[in-house]
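Only one structure is covered here, and it is reproduced in the block below.
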Amino acid sequence: MATRSLLEAGGALLQRAAAGSPLSTAPHCVLQKPPPFIASPVPFLGHAVAFGRSPIRFLEAAYETYGPVFSFTMVGKTFTYLLGSDAASLLFNSKNEDLNAEDVYSRLTTPVFGKGVAYDVPNPVFLEQKKMLKTGLNIAQFKRHVPVIEKETKDYFKSWGQNGERNLFEALSELIILTASHCLHGKEIRSLLNEKVAQLYADLDGGFTHAAWLLPGWLPLPSFRRRDRAHREIKNIFYKVIQKRRQSGEREDDMLQTLLDVRYKDDRLLTDDEIAGMLIGLLLAGQHTSSTTSAWLGFFLARDKSIQEQCYVEQKAVCGDDLPPLSYDQLKDLNLLDRCLKETLRLRPPIMTMMRMARTPQTVAGYTIPPGHQDNPAAGEKFSYVPFGAGRHRCIGENFAYVQIKTIWSTLLRLYEFDLIDGYFPTINYTTMIHTPNHPVIRYKRRLC
């Protein structure tokens with residue numbers, strides 16, 4: 001697996017509220033030095049087309065010319081990119097009141113998750129909600145999740161037969177939804193997951209687009225209308241399950257029960273609307289990243305057949321020659337598979353950009369970024385490996401993601417051998433928010449046990 005460039009390690013972005021807004025000045029009237037600005041002859045759009053077509057090429061060229069900090073406009077907004085370890089330190093070590101996350105992400109997440117949760121609430125409330133969710137993401141639960149994920153994987157891939165060629169990313173996207181819903185939502189919600197509900201999830205997930213981030217939410221775009229309709233219908237499904245659980249008095253050891261029982265610091269229980277929104281967020285926040293990472297892992301293993309075979313041998317060495325059902329403790333000992341997964345996350349991080357809005361002047365690499373800029377860092381040294389973020393914004397689902405992906409691929413390695421088709425290894429699709437593989441079709445053959 002080839003080493004990737006500095007710029008593929010991540011990103012941070014500071015957006016100016018209005019293009020051309022005045023720069024702040026430092027205390028004692030010392031004039032601050034603004035970042036280099038990349039001019040564009042195209043009004044309004046700015047560099048949106050070039051950046052959208054190939055962001056890595058655009059950023060590498062800008063880095064070579066302007067260094068680790070530079071600004072440019074896209075769709076009437078000014079962005080500042082920060083590249084390197086100093087930039088990452090600024091992002092991950094900053095206070096939320098200085099570099100703010102909800103100012104950037106709320107326009108993406110609120111229409112999908114709903115109001116009153118995640119980036120739609122003040123940061124202290126969001127941190128309480130994350131702590132509530134994290135309560136249900138513990139080792140005892142992970143131990144129960146492994147056999148559930150293994151069974152879901154076996155059941156899903158029964159339709160693949162003995163051999164063939166299939167879209168791996170599409171299959172894993174569907175499987176990730178099934179396994180995450182079963183493990184994170186509970187058996188009642190998983191039992192309602194039919195083709196219609198799966199399509200609602202797909203329509204809701206379609207809200208995570210560049211258009212949703214850059215364009216006003218009131219525009220009557222088809223994708224916006226599908227997203228909003230799916231949000232209402234999925235919440236109605238969740239409301240019925242929540243109310244039935246409340247009324248029955250039955251208790252289950254699952255995330256839904258955790259959210260029904262938990263309280264805010266002021267002793268207030270979560271409302272049904274908050275629970276439904278948090279369940280949606282818990283599922284969709286990790287669905288795209290996990291399915292993308294799982295697919296890339298499959299293609300890396302298919303390209304390097306020697307490593308793939310070593311991972312299969314490791315299954316027998318750790319679990320036994322007869323390959324009995326997986327356990328959580330065995331997953332921890334699958335060191336080669338673990339390293340392959342982490343290398344996949346290094347080479348193909350599902351998200352190349354982490355965004356913040358600068359609320360106060362920020363100084364990095366000798367430049368001062370004024371309030372209102374949207375900040376995007378790419379790390380090269382410290383913080384160079386941050387597939388799940390770092391600091392106060394580190395992903396709470398990281399451990400579940402490792403359990404989910406390692407269980408799925410342990411099961412798949414026991415079932416099949418995988419090969420590239422005529423040597424084709426997918427290129428990266430940069431047109432989506434999550435960087436998926438282009439034409440992700442893989443060849444498979446069932447193993448002879």
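All residue numbers in this chain count up from 1 along the given sequence.
- No close placement of the His288 and Phe208 rings is indicated, their centers lying 6.0 Å or farther apart.
- Using modelled atom types, one finds a donor on one side chain and an acceptor on the other under 3.5 Å when comparing Asn438 with Thr427.
- You'll find the side chain of Lys196 reaches within 4.5 Å of the side chain of Glu233, heavy atoms only.
- Using a 4.5 Å heavy-atom cutoff, the side chains of Met278 and Leu133 are in contact.
- No more than 12 heavy atoms of other residues, nucleotides or ligands shown are found within 6.0 angstrom of CZ on Arg57.
- One finds a salt bridge joining Arg245 and Asp254 here, because a Lys/Arg side-chain nitrogen approaches an Asp/Glu carboxylate oxygen to under 4.0 Å.
- Taking the six-membered ring where the residue is Trp, His145 and Phe142 present tilted rings, their angle falling between 30° and 60°.
- A distance of 6.5 Å separates OG of Ser181 from CD1 of Ile189, quoted to the nearest 0.5 Å.
- Below 30°, between 30° and 60°, or above 60°: for Phe72 and His47 the angle between ring planes is above 60°, a perpendicular geometry.
- The two residues Ala230 and Leu200 come nearest to each other via the heavy atoms CB-O, 3.3 Å.
- Heavy atoms from other residues, nucleotides or ligands lying under 6.0 Å from CD of Glu250 number 12 at most.
- Between Phe299 and Phe425, the two ring planes are perpendicular [angle over 60°; tilted spans 30° to 60°].
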Between Glu165 and Tyr444, is a side-chain hydrogen bond (donor to acceptor under 3.5 Å, both in side chains) present by the stated rule, with each step listed? CA-CA 6 Å; Glu165 297 174 359; Tyr444 64 92; over 6 Å; no

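- Nearest heavy atoms, Ile428 versus Arg348: CD1-NE, 3.5 Å.
- For Leu172 against Phe157, the heavy-atom pair with the smallest separation is CD2-CZ, 4.4 Å.
- A cation-pi arrangement is absent between Lys77 and Phe79 under the rule of less than 6.0 angstrom and at most 45 degrees off the ring axis.
- For the pair Lys342 and Tyr402, the distance from NZ or CZ to the six-membered ring centre is under 6.0 Å and the angle to the ring normal is within 45 degrees.
- Taking 4.5 Å as the limit, some side-chain heavy atom of Leu193 sits within range of a side-chain heavy atom of Leu178.
- For the atom pair CG of Asn100 and CG of Asn123, the computed distance is 7.5 Å after rounding to the nearest 0.5 Å.
- To the nearest 0.5 Å, the span separating CG on Asp273 from NZ on Lys235 amounts to 3.5 Å.
- Annotation for Ala171 and Tyr156: closest pair CA-OH, 3.3 Å, computed over non-hydrogen atoms.
- A cation-pi arrangement is absent between Arg303 and Phe300, since the terminal nitrogen or guanidinium carbon is not both under 6.0 Å from the aromatic centre and inside a 45° cone about the axis.
- Nearest approach of Thr292 to His435, heavy atoms of both residues: CG2-O, 3.3 Å.
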Go through Tyr367 and Gln362 one step at a time and tell me if the side-chain hydrogen bond (donor to acceptor under 3.5 Å, both in side chains) criterion holds. CA-CA 8 Å; Tyr367 297 104; Gln362 301 294 314; over 6 Å; no

Is there a ring-ring contact (aromatic ring centres under 6.0 Å, His included) between Phe126 and Tyr119? Walk through the geometry before answering. CA-CA 7 Å; Phe126 183 27; Tyr119 293 108; 4.9 Å; yes

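- Residue Ile396 comes nearest to Leu137 through the heavy atom pair O-CD1, 3.6 Å, listed as atom of the first residue, atom of the second, then distance.
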Evaluate ring-ring contact (aromatic ring centres under 6.0 Å, His included) for Phe238 paired with His185, printing each intermediate quantity in order. CA-CA 10 Å; Phe238 285 5; His185 287 167; 5.2 Å; yes

Intermediate values then yes/no, side-chain hydrogen bond (donor to acceptor under 3.5 Å, both in side chains), Thr153 and Thr411: CA-CA 7 Å; Thr153 305; Thr411 307; 4.7 Å; no

Asp203/Gln199 under side-chain hydrogen bond (donor to acceptor under 3.5 Å, both in side chains): CA gap, chis, key distance, verdict: CA-CA 6 Å; Asp203 291 343; Gln199 184 57 54; 2.9 Å; yes

